[in-house]
Protein chains: 2
Amino acid sequence: MTHDGRRLRGSRSREAILERAVSLASVEGLDGLSLGRLAAATGTSKSGFFAHWRDKEQLQLDAVEWAARQWAESVVAPALRAPAGVRRLFALHEARLKFYSDGVLPGGCFFFTVQAEFDDRPGPVRDRVARAMREWLEFVRRQVAEAAALGELAGSVDPDQLAYEIDALGEMVVPHSRLHEGHASFTHARRAVLQRLRALCPDPALLPED
Amino acid sequence: MTHDGRRLRGSRSREAILERAVSLASVEGLDGLSLGRLAAATGTSKSGFFAHWRDKEQLQLDAVEWAARQWAESVVAPALRAPAGVRRLFALHEARLKFYSDGVLPGGCFFFTVQAEFDDRPGPVRDRVARAMREWLEFVRRQVAEAAALGELAGSVDPDQLAYEIDALGEMVVPHSRLHEGHASFTHARRAVLQRLRALCPDPALLPED
DNA sequence: TACATTAACGACCGATCGTTTGTATATCTC
DNA sequence: GAGATATACAAACGATCGGTCGTTAATGTA
């Protein structure tokens, strides 16, 4: 009846499980999330996981992969529709903030949670998380360098430096907005980067005033 | 023989346990830390904990208290030796960075880890952590306001805004420095705040050039 | 000295953890 | 259709979880 091949059916439930895992892990972390709770949340049995993954660590690694793809589609891709340079750089910052304020993930940010969880725990998961963060920072750095090459940033800008600032100001919105209710941290994060870029940009018309 | 009163002895081991708990929690989190491992690390039995605390949550609450005191003594107090104003503000930032780079805690920062762990988990521990972070941010905000009142910051500065920036740029050093080895993030965090303050301060002699 | 209190312990509890085993069923290959 | 494979499950495993219980030794109070 159903035309699900076993492989199609398998990869569908695999994707559904990973989506749930990323969602739950944004709240409780990848290790804090237990297979029992994940099974309950997906309406399956926990022993069924072992048909898809050798052990919990393999599932964690695939969850990081899934989250990186989600980030690329939800944050990076929309920002790439803005014209290259300082406008794209700020669009990237705003797309991240929108990702957070839209509540795409219940915990706000998978990578913030998982980064805090694994930054001191050597192993494959930590390495995979570190790679994802490195690639993200490298991408931001490239946007900075491109803006500078287009003459949209004062010449003396260090791309590594500015990329760190943009990332830090954006990422700390997650704990601030969740710990102290209210929208203030979003305003602060947005304005911090906006004013920083406006101060560097020779053409103020490229960026909103406020 | 020993002049330990039972109360003195009790409060001594209580403090020793809390110090260990804060240290371990900076790595694995307050919930990730299990009583069994804490007992092993302190050379005691886990059942002994229940002579000092009703349950794990009470120990967690006291650990937050202990960590807040450590932060006040190791970061806030040294910075207060600098003259009020923009110099104290920057001294505060540098004291925090020194706290991290000195490796006072094996996980870098107790509050970063615990914040990420509890920002989505309602309960007394979350409330206590939120209060500690609120008090810290309020303290930074007051230093900003004082610097502005002394005429050491351009008049248009919003203390909430600048306090958020200083905190975010300082705190994100923790995951960055641990995930990507190297000292770069310390340089970035230091220079970001320094250049921001220098741009606002009418008297550049108050701050180092670089 | 008599008695209460405290610190600390070993042994054990039910629950949950990640994982293994065995089994049933559906799907693909031939 | 036959045999291999993939999906999924229930049941159970040993380990560990937070927590309880009963006890011992030391210290305090009377």
Side-chain angles (χ1 to χ4, degrees), chain A residues 1-22 24-25 27-64 114 117-118 121 123-126, chain B residues 1-22 24-25 27-64 114 117-118 121 123-126:
Chain A
M1 306 305 151
T2 67
H3 278 262
D4 283 4
R6 65 187 175 191
R7 282 188 170 92
L8 180 56
R9 196 161 62 97
S11 90
R12 283 226 177 125
S13 63
R14 205 189 94 106
E15 291 297 304
I17 290 169
L18 285 177
E19 178 175 3
R20 272 293 205 187
V22 168
L24 290 174
V27 176
E28 351 185 19
L30 266 178
D31 229 62
L33 168 65
S34 82
L35 298 185
R37 278 198 301 274
L38 182 58
T42 53
T44 64
S45 70
K46 56 178 184 166
S47 57
F49 294 150
F50 295 88
H52 297 282
W53 297 278
R54 191 186 322 131
D55 52 24
K56 190 185 185 184
E57 190 177 85
Q58 291 300 317
L59 191 154
Q60 291 174 327
L61 289 169
D62 280 353
V64 176
V114 166
E117 198 183 11
F118 282 91
R121 213 180 298 186
V125 178
R126 184 209 126 109
Chain B
M1 306 301 159
T2 67
H3 278 262
D4 283 4
R6 65 184 173 192
R7 284 190 170 88
L8 180 54
R9 198 161 61 96
S11 91
R12 284 225 178 125
S13 62
R14 204 189 94 105
E15 290 298 304
I17 290 169
L18 285 177
E19 179 175 2
R20 272 292 205 186
V22 168
L24 291 175
V27 176
E28 351 185 18
L30 266 177
D31 229 60
L33 169 64
S34 83
L35 297 184
R37 279 199 302 273
L38 182 58
T42 54
T44 64
S45 69
K46 59 177 183 165
S47 57
F49 294 150
F50 297 90
H52 297 283
W53 298 278
R54 191 186 321 131
D55 53 23
K56 192 186 185 184
E57 189 176 86
Q58 291 299 317
L59 191 155
Q60 291 174 327
L61 289 169
D62 280 353
V64 177
V114 167
E117 198 181 10
F118 281 92
R121 212 180 300 187
V125 178
R126 183 210 125 109

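Just so we're on the same page: letters track the sequence lines, and every chain starts at 1.
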Open item on the list: Please confirm whether the shortest side-chain N or O distance from B:H52 to OP1 or OP2 of C:dT6 is below 4.0 Å.
Closed with: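 The answer is no; no side-chain N or O of B:H52 sits under 4.0 Å from OP1 or OP2.
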Task: Phosphate OP1/OP2 of D:dT7: any A:S13 side-chain N/O under 4.0 Å - done: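 The answer is no; no side-chain N or O of A:S13 sits under 4.0 Å from OP1 or OP2.
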Open item on the list: Is the shortest side-chain heavy-atom distance between B:R20 and B:L38 below 4.5 Å?
Closed with: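 Yes - at least one pair of side-chain heavy atoms lies under 4.5 Å apart.
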- [ ] May I ask you to test the B:W53-B:L35 pair for a side-chain heavy-atom distance under 4.5 Å?
- [x]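 No, side chains not in contact.
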Gap between atoms [atom1] and [atom2], on [X] and [N] respectively (whole Å):
X     : N      : atom1 : atom2 : value
A:Q58 : C:dT19 : CD    : P     : 10 Å
A:L59 : C:dC17 : CG    : C1'   : 15 Å
A:L30 : C:dC17 : CG    : C1'   : 16 Å
A:F49 : C:dC17 : CZ    : C1'   : 14 Å

Considering non-hydrogen atoms only, spot the tightest contact between [X] and [Y] and give its length.
X      : Y      : value
A:K56  : A:D31  : NZ-O, 3.1 Å
B:A39  : B:S45  : CB-C, 3.9 Å
B:L59  : B:A21  : CD2-CB, 4.1 Å
A:F118 : A:Q60  : CZ-NE2, 4.3 Å
A:E28  : A:E117 : O-OE2, 4.3 Å
A:L30  : A:A63  : CD2-CB, 3.9 Å

Open item on the list: For nucleotides 12-19 of chain D, give me one character per nucleotide, 5' to 3': B if any protein heavy atom sits under 4.0 Å from the base, S if the only such contacts are to the sugar-phosphate, - if neither.
Closed with: -----SBB
Task: Axial bend angle, the helix from C:dT1-D:dA30 to C:dC30-D:dG1: five-pair end segments, nearest 10° - done: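 Here the helix ends are tilted 10° relative to one another.
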